[in-house]
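Report on the following structure.
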Amino acid sequence: MAFDSLSERLNKAMRNVAGKGTLTDANMEDMLKEVRLALLEADVNYRIVKRFLEDIREKARGEDVLNSVEPGQQLVKIVHDQIIELLGTDDASLKFKEDGLTVIMLVGLQGTGKTTSVAKIAKICKEKMDRKCMMIAADVIRPAAIDQLQTLGKEIDTEVFTLGPEKPAIEAVRQGVEYAKRQGYDTVFIDTAGRLHIDEELMNELRQINSLVHPDEILLTVDAMTGQDIVNVAQAFNEALPLTGLVVTKFDGDSRGGGVLSVKKITGVPVKFVGEGEKLDDMGVFHPDRMADRILGMGDIVSLVEKAQEKFDMEESEKMAERMMNGQFTMDDMLKQFEMIERLGPLGGIMKMMPGMNQYAGMMDDAKAAGAMKHIKAIIQSMTKAERANPEKMRGTMKKRVAAGSGTSVNDVNKLINQYTKMKKAMDQIGMLQRSGSLNEENLEKMMNRAQQGLPDPKAVREQMMRQGKKNKFRY
(Lines give C-alpha, C1' and ligand atoms only; values in the text may rest on other atoms or scores of the structure.)
Protein backbone atom coordinates (compact mmCIF):
# COMPACT_ATOMS: atom_id res chain seq x y z
CA MET A 1 0.00 0.00 0.00
CA ALA A 2 1.09 3.60 -0.63
CA PHE A 3 3.24 5.05 2.18
CA ASP A 4 4.29 1.63 3.54
CA SER A 5 8.01 2.29 3.12
CA LEU A 6 7.64 5.89 4.29
CA SER A 7 5.68 4.78 7.34
CA GLU A 8 8.34 2.23 8.29
CA ARG A 9 11.19 4.74 7.99
CA LEU A 10 9.34 7.51 9.84
CA ASN A 11 8.34 5.19 12.65
CA LYS A 12 11.97 4.20 13.11
CA ALA A 13 13.02 7.84 13.27
CA MET A 14 10.22 8.70 15.69
CA ARG A 15 11.04 5.79 18.02
CA ASN A 16 14.67 6.88 18.22
CA VAL A 17 13.78 10.36 19.44
CA ALA A 18 10.63 9.52 21.45
CA GLY A 19 12.67 7.56 23.98
CA LYS A 20 15.01 10.46 24.76
CA GLY A 21 14.61 12.15 28.13
CA THR A 22 15.75 15.48 26.74
CA LEU A 23 15.64 16.97 23.26
CA THR A 24 18.97 18.30 22.00
CA ASP A 25 20.04 19.76 18.68
CA ALA A 26 22.09 16.61 18.09
CA ASN A 27 19.35 14.00 18.55
CA MET A 28 16.79 16.21 16.79
CA GLU A 29 19.06 16.60 13.76
CA ASP A 30 19.63 12.83 13.70
CA MET A 31 15.88 12.35 13.58
CA LEU A 32 15.41 15.02 10.90
CA LYS A 33 18.10 13.37 8.79
CA GLU A 34 16.14 10.12 8.89
CA VAL A 35 12.90 11.96 8.09
CA ARG A 36 14.58 13.69 5.14
CA LEU A 37 15.82 10.38 3.71
CA ALA A 38 12.41 8.78 4.26
CA LEU A 39 10.60 11.57 2.40
CA LEU A 40 13.06 11.68 -0.49
CA GLU A 41 12.93 7.91 -0.88
CA ALA A 42 9.14 8.18 -0.94
CA ASP A 43 9.55 10.50 -3.97
CA VAL A 44 8.36 13.65 -2.20
CA ASN A 45 9.32 16.84 -4.05
CA TYR A 46 12.71 18.14 -2.84
CA ARG A 47 11.41 21.69 -2.21
CA ILE A 48 8.57 20.28 -0.13
CA VAL A 49 11.00 18.18 1.93
CA LYS A 50 13.25 21.17 2.58
CA ARG A 51 10.36 23.37 3.75
CA PHE A 52 8.87 20.50 5.77
CA LEU A 53 12.09 20.04 7.76
CA GLU A 54 12.52 23.79 8.29
CA ASP A 55 9.02 24.03 9.76
CA ILE A 56 9.66 21.08 12.10
CA ARG A 57 13.01 22.50 13.21
CA GLU A 58 11.49 25.91 13.92
CA LYS A 59 8.56 24.55 15.93
CA ALA A 60 10.68 21.98 17.79
CA ARG A 61 12.94 24.69 19.16
CA GLY A 62 10.06 26.52 20.78
CA GLU A 63 9.83 26.90 24.56
CA ASP A 64 6.86 24.52 24.87
CA VAL A 65 8.86 21.65 23.41
CA LEU A 66 12.20 22.30 25.07
CA ASN A 67 10.59 22.61 28.52
CA SER A 68 8.22 19.70 28.01
CA VAL A 69 8.37 16.67 30.29
CA GLU A 70 8.33 14.48 27.16
CA PRO A 71 9.99 16.52 24.38
CA GLY A 72 10.33 13.45 22.14
CA GLN A 73 6.57 12.97 22.09
CA GLN A 74 6.08 16.67 21.44
CA LEU A 75 8.33 16.32 18.41
CA VAL A 76 6.28 13.37 17.15
CA LYS A 77 3.18 15.56 17.40
CA ILE A 78 4.89 18.32 15.43
CA VAL A 79 5.79 15.88 12.65
CA HIS A 80 2.23 14.56 12.70
CA ASP A 81 0.78 18.08 12.39
CA GLN A 82 3.16 18.96 9.55
CA ILE A 83 2.11 15.88 7.58
CA ILE A 84 -1.51 17.00 7.96
CA GLU A 85 -0.44 20.45 6.75
CA LEU A 86 1.10 18.85 3.66
CA LEU A 87 -1.99 16.78 2.91
CA GLY A 88 -4.38 19.67 3.47
CA THR A 89 -6.14 21.17 6.49
CA ASP A 90 -9.15 22.75 4.75
CA ASP A 91 -12.48 21.02 4.32
CA ALA A 92 -12.17 19.09 1.04
CA SER A 93 -15.59 17.42 1.00
CA LEU A 94 -17.82 17.61 -2.06
CA LYS A 95 -19.80 20.82 -2.34
CA PHE A 96 -23.47 20.20 -3.18
CA LYS A 97 -25.97 22.88 -4.17
CA GLU A 98 -28.74 23.41 -1.65
CA ASP A 99 -31.27 23.59 -4.50
CA GLY A 100 -31.06 22.37 -8.05
CA LEU A 101 -28.64 20.05 -9.81
CA THR A 102 -25.06 19.53 -8.64
CA VAL A 103 -22.77 18.67 -11.57
CA ILE A 104 -19.56 16.73 -10.90
CA MET A 105 -17.16 16.15 -13.80
CA LEU A 106 -14.32 13.63 -13.68
CA VAL A 107 -11.31 14.13 -15.95
CA GLY A 108 -7.98 12.37 -16.37
CA LEU A 109 -5.69 10.37 -18.59
CA GLN A 110 -6.52 6.90 -19.87
CA GLY A 111 -5.65 4.03 -17.56
CA THR A 112 -6.14 5.93 -14.30
CA GLY A 113 -9.46 4.24 -13.47
CA LYS A 114 -11.62 7.27 -14.24
CA THR A 115 -14.77 5.45 -15.39
CA THR A 116 -14.72 3.09 -12.43
CA SER A 117 -14.11 6.04 -10.09
CA VAL A 118 -17.22 7.78 -11.43
CA ALA A 119 -19.34 4.80 -10.36
CA LYS A 120 -17.55 4.42 -7.02
CA ILE A 121 -18.06 8.05 -6.04
CA ALA A 122 -21.67 7.98 -7.26
CA LYS A 123 -22.21 4.95 -5.01
CA ILE A 124 -20.78 6.83 -2.01
CA CYS A 125 -22.98 9.85 -2.69
CA LYS A 126 -26.06 7.69 -3.15
CA GLU A 127 -25.63 5.43 -0.13
CA LYS A 128 -23.86 7.65 2.39
CA MET A 129 -25.00 11.15 1.43
CA ASP A 130 -28.56 10.35 0.36
CA ARG A 131 -28.15 11.89 -3.11
CA LYS A 132 -30.26 11.00 -6.14
CA CYS A 133 -27.53 10.36 -8.71
CA MET A 134 -27.27 9.92 -12.46
CA MET A 135 -24.19 9.34 -14.63
CA ILE A 136 -23.51 10.70 -18.13
CA ALA A 137 -21.33 8.64 -20.48
CA ALA A 138 -19.39 11.35 -22.33
CA ASP A 139 -16.31 9.31 -23.23
CA VAL A 140 -17.01 8.76 -26.93
CA ILE A 141 -13.33 8.27 -27.80
CA ARG A 142 -13.28 4.86 -26.12
CA PRO A 143 -16.60 3.15 -27.01
CA ALA A 144 -16.00 0.44 -24.39
CA ALA A 145 -16.19 3.17 -21.73
CA ILE A 146 -19.91 3.61 -22.42
CA ASP A 147 -20.59 -0.12 -22.02
CA GLN A 148 -18.42 -0.19 -18.90
CA LEU A 149 -20.31 2.70 -17.30
CA GLN A 150 -23.68 1.12 -18.14
CA THR A 151 -22.57 -2.15 -16.52
CA LEU A 152 -21.37 -0.31 -13.42
CA GLY A 153 -24.63 1.67 -13.34
CA LYS A 154 -26.62 -1.55 -13.12
CA GLU A 155 -24.41 -2.77 -10.26
CA ILE A 156 -25.05 0.34 -8.18
CA ASP A 157 -28.63 0.78 -9.43
CA THR A 158 -27.93 4.20 -10.94
CA GLU A 159 -29.18 5.44 -14.31
CA VAL A 160 -26.63 6.09 -17.07
CA PHE A 161 -27.44 8.62 -19.81
CA THR A 162 -25.83 8.04 -23.22
CA LEU A 163 -26.30 9.04 -26.84
CA GLY A 164 -23.87 6.36 -27.99
CA PRO A 165 -20.38 6.81 -29.49
CA GLU A 166 -21.66 8.50 -32.66
CA LYS A 167 -22.75 11.78 -31.03
CA PRO A 168 -20.20 14.39 -29.84
CA ALA A 169 -19.40 14.42 -26.14
CA ILE A 170 -20.57 18.02 -25.75
CA GLU A 171 -24.05 17.07 -27.05
CA ALA A 172 -24.25 14.06 -24.73
CA VAL A 173 -23.45 16.33 -21.77
CA ARG A 174 -25.94 19.03 -22.84
CA GLN A 175 -28.83 16.59 -23.30
CA GLY A 176 -27.82 14.56 -20.25
CA VAL A 177 -27.90 17.54 -17.89
CA GLU A 178 -31.28 18.65 -19.27
CA TYR A 179 -32.62 15.11 -18.82
CA ALA A 180 -31.33 14.96 -15.24
CA LYS A 181 -33.13 18.20 -14.38
CA ARG A 182 -36.41 16.95 -15.89
CA GLN A 183 -36.19 13.65 -14.00
CA GLY A 184 -35.58 15.33 -10.64
CA TYR A 185 -31.98 14.15 -10.06
CA ASP A 186 -29.97 16.29 -7.65
CA THR A 187 -26.49 15.05 -8.59
CA VAL A 188 -25.07 14.16 -12.01
CA PHE A 189 -21.62 12.72 -12.75
CA ILE A 190 -19.94 13.25 -16.13
CA ASP A 191 -17.45 10.63 -17.31
CA THR A 192 -15.26 12.46 -19.83
CA ALA A 193 -12.79 11.11 -22.37
CA GLY A 194 -9.14 10.56 -21.52
CA ARG A 195 -5.97 10.34 -23.57
CA LEU A 196 -2.73 8.46 -23.23
CA HIS A 197 -1.07 11.84 -22.71
CA ILE A 198 -2.12 15.47 -22.35
CA ASP A 199 -2.88 17.13 -25.70
CA GLU A 200 -4.69 20.22 -26.92
CA GLU A 201 -7.60 18.27 -28.43
CA LEU A 202 -8.40 16.72 -25.05
CA MET A 203 -8.15 20.02 -23.22
CA ASN A 204 -10.35 21.84 -25.76
CA GLU A 205 -13.11 19.26 -25.33
CA LEU A 206 -12.94 19.55 -21.54
CA ARG A 207 -12.97 23.35 -21.72
CA GLN A 208 -16.10 23.22 -23.91
CA ILE A 209 -17.90 20.98 -21.41
CA ASN A 210 -16.81 23.23 -18.55
CA SER A 211 -18.11 26.34 -20.37
CA LEU A 212 -21.42 24.60 -21.16
CA VAL A 213 -22.43 23.25 -17.74
CA HIS A 214 -20.08 25.02 -15.27
CA PRO A 215 -19.56 21.96 -13.02
CA ASP A 216 -19.69 22.45 -9.26
CA GLU A 217 -16.81 19.99 -8.91
CA ILE A 218 -14.09 19.02 -11.39
CA LEU A 219 -12.20 16.00 -10.06
CA LEU A 220 -8.98 14.78 -11.64
CA THR A 221 -8.25 11.04 -11.38
CA VAL A 222 -4.56 10.21 -10.98
CA ASP A 223 -2.78 6.90 -10.59
CA ALA A 224 -0.83 6.60 -7.31
CA MET A 225 1.65 4.36 -9.12
CA THR A 226 2.86 7.28 -11.27
CA GLY A 227 4.63 8.81 -8.27
CA GLN A 228 5.87 12.37 -8.65
CA ASP A 229 4.22 12.62 -12.09
CA ILE A 230 0.93 13.12 -10.21
CA VAL A 231 2.10 16.69 -9.60
CA ASN A 232 2.93 17.30 -13.28
CA VAL A 233 -0.43 15.94 -14.47
CA ALA A 234 -2.33 17.93 -11.84
CA GLN A 235 -0.52 21.14 -12.79
CA ALA A 236 -1.29 20.66 -16.49
CA PHE A 237 -4.99 20.01 -15.92
CA ASN A 238 -5.25 22.76 -13.33
CA GLU A 239 -3.93 25.30 -15.84
CA ALA A 240 -6.68 24.34 -18.30
CA LEU A 241 -9.55 23.75 -15.86
CA PRO A 242 -10.55 25.00 -12.40
CA LEU A 243 -9.88 21.69 -10.62
CA THR A 244 -11.53 21.29 -7.22
CA GLY A 245 -9.99 17.98 -6.15
CA LEU A 246 -8.10 14.80 -6.92
CA VAL A 247 -9.17 11.18 -6.93
CA VAL A 248 -6.11 8.99 -6.30
CA THR A 249 -6.57 5.46 -7.62
CA LYS A 250 -4.52 2.28 -7.05
CA PHE A 251 -3.68 3.44 -3.55
CA ASP A 252 -3.42 -0.21 -2.54
CA GLY A 253 -0.43 -0.73 -4.82
CA ASP A 254 3.23 -0.49 -3.90
CA SER A 255 3.64 3.18 -4.82
CA ARG A 256 5.87 5.26 -2.58
CA GLY A 257 3.22 7.94 -2.08
CA GLY A 258 5.44 10.99 -2.57
CA GLY A 259 3.23 12.46 -5.27
CA VAL A 260 0.23 12.43 -2.93
CA LEU A 261 2.24 14.23 -0.24
CA SER A 262 3.51 16.83 -2.72
CA VAL A 263 0.50 17.64 -4.88
CA LYS A 264 -1.59 19.71 -2.44
CA LYS A 265 1.30 21.97 -1.48
CA ILE A 266 2.43 22.56 -5.05
CA THR A 267 -0.89 22.82 -6.92
CA GLY A 268 -3.30 23.78 -4.15
CA VAL A 269 -5.62 21.01 -5.31
CA PRO A 270 -6.69 18.73 -2.42
CA VAL A 271 -7.10 14.97 -2.53
CA LYS A 272 -10.80 14.18 -2.03
CA PHE A 273 -11.04 10.42 -2.63
CA VAL A 274 -8.68 7.44 -2.63
CA GLY A 275 -9.31 4.09 -4.29
CA GLU A 276 -7.83 1.07 -2.52
CA GLY A 277 -9.03 -1.79 -4.69
CA GLU A 278 -11.01 -2.80 -7.75
CA LYS A 279 -14.37 -3.44 -6.08
CA LEU A 280 -17.03 -0.74 -6.07
CA ASP A 281 -16.78 -0.48 -2.28
CA ASP A 282 -13.03 0.13 -2.46
CA MET A 283 -13.22 3.92 -2.59
CA GLY A 284 -13.12 6.20 0.41
CA VAL A 285 -13.24 9.86 1.33
CA PHE A 286 -9.73 11.17 1.99
CA HIS A 287 -9.08 12.45 5.52
CA PRO A 288 -5.63 14.08 5.94
CA ASP A 289 -5.59 13.67 9.73
CA ARG A 290 -6.41 9.96 9.51
CA MET A 291 -3.80 9.43 6.81
CA ALA A 292 -1.19 11.18 8.98
CA ASP A 293 -2.09 8.79 11.82
CA ARG A 294 -1.59 5.80 9.54
CA ILE A 295 1.70 7.10 8.13
CA LEU A 296 3.08 7.46 11.68
CA GLY A 297 1.75 4.03 12.74
CA MET A 298 -0.87 5.46 15.11
CA GLY A 299 -3.77 3.58 13.55
CA ASP A 300 -7.01 4.98 12.17
CA ILE A 301 -9.71 3.89 14.54
CA VAL A 302 -12.36 6.23 13.07
CA SER A 303 -12.12 4.72 9.58
CA LEU A 304 -12.09 1.25 11.12
CA VAL A 305 -15.35 2.01 12.95
CA GLU A 306 -16.92 3.33 9.76
CA LYS A 307 -15.99 0.16 7.88
CA ALA A 308 -17.26 -1.92 10.79
CA GLN A 309 -20.65 -0.21 10.68
CA GLU A 310 -21.01 -1.30 7.08
CA LYS A 311 -19.83 -4.89 7.51
CA PHE A 312 -20.66 -6.03 11.06
CA ASP A 313 -23.68 -7.35 12.85
CA MET A 314 -24.32 -4.16 14.79
CA GLU A 315 -26.29 -5.86 17.57
CA GLU A 316 -23.40 -8.21 18.31
CA SER A 317 -20.95 -5.30 18.03
CA GLU A 318 -22.96 -3.25 20.55
CA LYS A 319 -22.88 -6.11 23.05
CA MET A 320 -19.12 -6.38 22.65
CA ALA A 321 -18.72 -2.60 23.02
CA GLU A 322 -20.78 -2.66 26.22
CA ARG A 323 -18.53 -5.37 27.66
CA MET A 324 -15.45 -3.33 26.77
CA MET A 325 -16.84 -0.18 28.35
CA ASN A 326 -17.53 -2.15 31.53
CA GLY A 327 -13.94 -3.36 31.70
CA GLN A 328 -14.78 -6.94 30.66
CA PHE A 329 -12.48 -7.16 27.63
CA THR A 330 -10.96 -10.66 27.43
CA MET A 331 -9.01 -12.72 24.92
CA ASP A 332 -12.35 -14.15 23.74
CA ASP A 333 -13.41 -10.63 22.80
CA MET A 334 -10.08 -10.13 21.04
CA LEU A 335 -10.69 -13.36 19.10
CA LYS A 336 -14.12 -12.11 18.02
CA GLN A 337 -12.53 -8.85 16.90
CA PHE A 338 -10.06 -10.70 14.71
CA GLU A 339 -12.86 -12.77 13.19
CA MET A 340 -14.77 -9.57 12.41
CA ILE A 341 -11.64 -8.00 10.96
CA GLU A 342 -11.43 -10.83 8.42
CA ARG A 343 -14.68 -9.54 6.93
CA LEU A 344 -13.32 -6.04 6.38
CA GLY A 345 -10.94 -6.71 3.51
CA PRO A 346 -7.13 -6.73 3.15
CA LEU A 347 -5.74 -7.46 6.59
CA GLY A 348 -2.58 -5.39 6.18
CA GLY A 349 -4.61 -2.23 5.74
CA ILE A 350 -6.91 -3.10 8.64
CA MET A 351 -4.00 -3.81 10.99
CA LYS A 352 -2.60 -0.35 10.27
CA MET A 353 -5.91 1.14 11.44
CA MET A 354 -5.68 -0.59 14.83
CA PRO A 355 -3.68 1.29 17.50
CA GLY A 356 -0.87 -0.91 18.78
CA MET A 357 -1.19 -3.47 15.97
CA ASN A 358 0.96 -1.75 13.35
CA GLN A 359 3.86 -4.15 13.96
CA TYR A 360 1.74 -7.01 12.58
CA ALA A 361 0.96 -5.15 9.34
CA GLY A 362 4.13 -6.36 7.64
CA MET A 363 2.91 -9.92 8.05
CA MET A 364 -0.38 -9.12 6.39
CA ASP A 365 0.47 -9.24 2.70
CA ASP A 366 -1.58 -11.39 0.36
CA ALA A 367 0.72 -14.38 0.79
CA LYS A 368 0.95 -14.34 4.59
CA ALA A 369 -2.34 -12.85 5.76
CA ALA A 370 -4.32 -16.07 6.14
CA GLY A 371 -1.46 -17.89 7.90
CA ALA A 372 -0.73 -15.01 10.27
CA MET A 373 -4.37 -14.70 11.27
CA LYS A 374 -4.57 -18.46 11.83
CA HIS A 375 -1.56 -18.27 14.15
CA ILE A 376 -3.12 -15.48 16.20
CA LYS A 377 -6.42 -17.32 16.46
CA ALA A 378 -4.63 -20.60 17.23
CA ILE A 379 -2.77 -19.00 20.14
CA ILE A 380 -6.01 -17.75 21.70
CA GLN A 381 -7.86 -21.01 21.05
CA SER A 382 -5.02 -22.97 22.69
CA MET A 383 -5.58 -21.13 25.97
CA THR A 384 -7.88 -22.35 28.71
CA LYS A 385 -10.96 -20.32 29.64
CA ALA A 386 -9.18 -18.92 32.69
CA GLU A 387 -6.11 -17.98 30.63
CA ARG A 388 -8.21 -16.14 28.10
CA ALA A 389 -9.86 -14.14 30.88
CA ASN A 390 -6.52 -13.21 32.53
CA PRO A 391 -3.64 -13.85 30.08
CA GLU A 392 -1.35 -11.48 31.98
CA LYS A 393 -1.27 -14.04 34.83
CA MET A 394 0.07 -16.83 32.60
CA ARG A 395 3.32 -18.44 33.80
CA GLY A 396 6.14 -19.63 31.57
CA THR A 397 4.96 -23.25 31.56
CA MET A 398 1.49 -22.17 30.44
CA LYS A 399 2.94 -20.11 27.59
CA LYS A 400 5.06 -23.08 26.48
CA ARG A 401 1.95 -25.28 26.40
CA VAL A 402 0.01 -22.69 24.39
CA ALA A 403 2.93 -22.23 21.98
CA ALA A 404 3.17 -25.97 21.43
CA GLY A 405 -0.58 -26.31 20.99
CA SER A 406 -0.78 -23.49 18.47
CA GLY A 407 2.36 -24.35 16.50
CA THR A 408 3.99 -21.02 17.40
CA SER A 409 6.76 -19.84 19.73
CA VAL A 410 6.67 -18.47 23.28
CA ASN A 411 7.83 -15.16 21.80
CA ASP A 412 4.71 -15.10 19.58
CA VAL A 413 2.53 -15.79 22.62
CA ASN A 414 4.22 -12.98 24.57
CA LYS A 415 3.74 -10.54 21.67
CA LEU A 416 0.04 -11.27 21.48
CA ILE A 417 -0.40 -10.93 25.25
CA ASN A 418 1.42 -7.59 25.16
CA GLN A 419 -0.88 -6.33 22.41
CA TYR A 420 -3.90 -7.56 24.34
CA THR A 421 -2.70 -5.70 27.44
CA LYS A 422 -2.37 -2.45 25.45
CA MET A 423 -5.82 -2.89 23.93
CA LYS A 424 -7.38 -3.70 27.31
CA LYS A 425 -5.74 -0.67 28.92
CA ALA A 426 -7.12 1.57 26.17
CA MET A 427 -10.60 0.04 26.51
CA ASP A 428 -10.54 0.41 30.32
CA GLN A 429 -9.55 4.07 30.07
CA ILE A 430 -12.23 4.83 27.49
CA GLY A 431 -14.79 3.07 29.69
CA MET A 432 -13.69 5.09 32.71
CA LEU A 433 -14.06 8.34 30.75
CA GLN A 434 -17.52 7.30 29.61
CA ARG A 435 -18.68 6.33 33.11
CA SER A 436 -17.42 9.62 34.53
CA GLY A 437 -19.20 11.58 31.80
CA SER A 438 -15.94 13.06 30.51
CA LEU A 439 -15.67 11.07 27.27
CA ASN A 440 -15.04 13.88 24.81
CA GLU A 441 -12.70 14.41 21.87
CA GLU A 442 -10.05 16.25 23.92
CA ASN A 443 -9.84 13.66 26.71
CA LEU A 444 -9.95 10.78 24.24
CA GLU A 445 -7.05 12.29 22.28
CA LYS A 446 -5.00 12.73 25.48
CA MET A 447 -5.71 9.17 26.52
CA MET A 448 -4.75 7.74 23.10
CA ASN A 449 -1.53 9.78 23.10
CA ARG A 450 -0.59 8.30 26.47
CA ALA A 451 -1.47 4.82 25.24
CA GLN A 452 0.88 5.36 22.27
CA GLN A 453 3.65 6.21 24.74
CA GLY A 454 2.89 3.18 26.90
CA LEU A 455 2.11 5.42 29.89
CA PRO A 456 -0.68 4.81 32.42
CA ASP A 457 -3.59 7.22 32.53
CA PRO A 458 -3.25 9.45 35.65
CA LYS A 459 -6.97 9.26 36.42
CA ALA A 460 -6.88 5.49 36.18
CA VAL A 461 -3.88 5.39 38.54
CA ARG A 462 -5.62 7.67 41.04
CA GLU A 463 -8.82 5.64 40.86
CA GLN A 464 -6.87 2.47 41.51
CA MET A 465 -5.09 4.11 44.47
CA MET A 466 -8.43 5.22 45.90
CA ARG A 467 -9.84 1.72 45.65
CA GLN A 468 -6.72 0.27 47.26
CA GLY A 469 -6.84 2.93 49.98
CA LYS A 470 -10.43 2.14 50.86
CA LYS A 471 -9.62 -1.53 50.97
CA ASN A 472 -6.70 -0.94 53.36
CA LYS A 473 -8.47 1.91 55.19
CA PHE A 474 -5.84 4.42 54.09
CA ARG A 475 -6.46 7.92 52.84
CA TYR A 476 -4.94 9.55 49.73
side-chain contact (heavy atoms from CB on, under 4.5 Å) assessment of Thr112 paired with Val222: CA-CA 6 Å; Thr112 58; Val222 289; 5.7 Å; no
Gln148/Thr116 under side-chain contact (heavy atoms from CB on, under 4.5 Å): CA gap, chis, key distance, verdict: CA-CA 8 Å; Gln148 181 185 0; Thr116 307; 3.2 Å; yes
Audit row: Leu243, Val107, side-chain contact (heavy atoms from CB on, under 4.5 Å) steps and yes/no: CA-CA 9 Å; Leu243 295 182; Val107 300; 4.2 Å; yes
Audit row: Leu87, Phe286, side-chain contact (heavy atoms from CB on, under 4.5 Å) steps and yes/no: CA-CA 10 Å; Leu87 295 171; Phe286 184 75; 4.0 Å; yes
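Heavy-atom minimum distance, Val160 versus Ala137: CG1-CB, 4.2 Å. Heavy-atom minimum distance, Cys125 versus Cys133: CB-SG, 3.9 Å.
Note that the CD1 atom of Ile379 and the NE2 atom of His375 stand 8.0 Å from one another [nearest 0.5 Å]. The CG atom of Asp333 sits 10.0 Å away from atom NZ of Lys424, with the distance rounded to the nearest 0.5 Å. Here the CZ-OG1 distance, from Phe96 to Thr102, works out to 6.5 Å after rounding to the nearest 0.5 Å. Taken to the nearest 0.5 Å, the CD1 atom of Ile170 stands 11.5 Å off from the OG1 atom of Thr192. Rounding to the nearest 0.5 angstrom, the gap separating the NZ atom in Lys126 from the CE atom in Met134 is 13.5 Å. Rounding to the nearest 0.5 angstrom, the gap separating the CD1 atom in Ile78 from the CG atom in Asp55 is 10.5 Å.
You'll find the side chain of Val285 stays beyond 4.5 Å of the side chain of Ser93, heavy atoms only. Between Pro168 and Val140 the shortest side-chain heavy-atom distance does not fall below 4.5 Å. Residues Gln235 and Asn238 have side chains not in contact (no heavy-atom distance under 4.5 Å, counting atoms from C-beta outward). Between Leu149 and Val118, the closest side-chain pair of non-hydrogen atoms falls below 4.5 Å. Annotation: side chain of Val103 is not in contact with side chain of His214 (no heavy-atom distance under 4.5 Å). Within the 4.5 Å cutoff, the side chain of Lys265 has no heavy atoms near those of the Phe52 side chain. Residues Met334 and Leu416 form a side-chain contact, since some pair of their non-hydrogen atoms from C-beta on lies under 4.5 Å apart. At least one side-chain heavy atom of Val173 sits under 4.5 Å from a side-chain heavy atom of Val213.
Around atom CG of Asp199, more than 12 heavy atoms belonging to other residues, nucleotides or ligands sit under 6.0 Å away. Taking a 6.0 Å sphere around CD of Glu278, one finds it holds 12 or fewer heavy atoms contributed by other residues, nucleotides or ligands.
Of the candidates Asp191, Thr221, Thr151, Asp191 is the only one forming a side chain to side chain donor-acceptor pair (under 3.5 Å) with Thr115.
The list of salt bridge (charged side-chain N to carboxylate O under 4.0 Å, His left out) pairs with a residue in residues 177-190, not counting sequence neighbours, reads Arg131-Asp186, Arg174-Glu178. Pairs passing the salt bridge (charged side-chain N to carboxylate O under 4.0 Å, His left out) check and including a residue from residues 214-239, sequence neighbours excluded, read Lys97-Asp216, Glu217-Lys272, Asp223-Lys250.
Although no hydrogens or angles enter the test, the distance criterion places no donor-acceptor pair under 3.5 Å between the side chain of Thr158 and the main chain of Gly153. Checked by atom type and distance alone, the side chain of Ser262 pairs as donor or acceptor with a backbone atom of Asn45 at under 3.5 Å.
Between Arg51 and Glu54 there is a salt bridge, since at least one side-chain N of the basic residue sits less than 4.0 Å from a carboxylate O of the acidic one.
With hydrogens and angles left out, the side-chain atoms of Asn210 and Arg207 include no donor and acceptor closer than 3.5 Å. Between Gln175 and Lys167, the side chains place no donor N or O within less than 3.5 Å of an acceptor N or O (distance only, hydrogens not considered).
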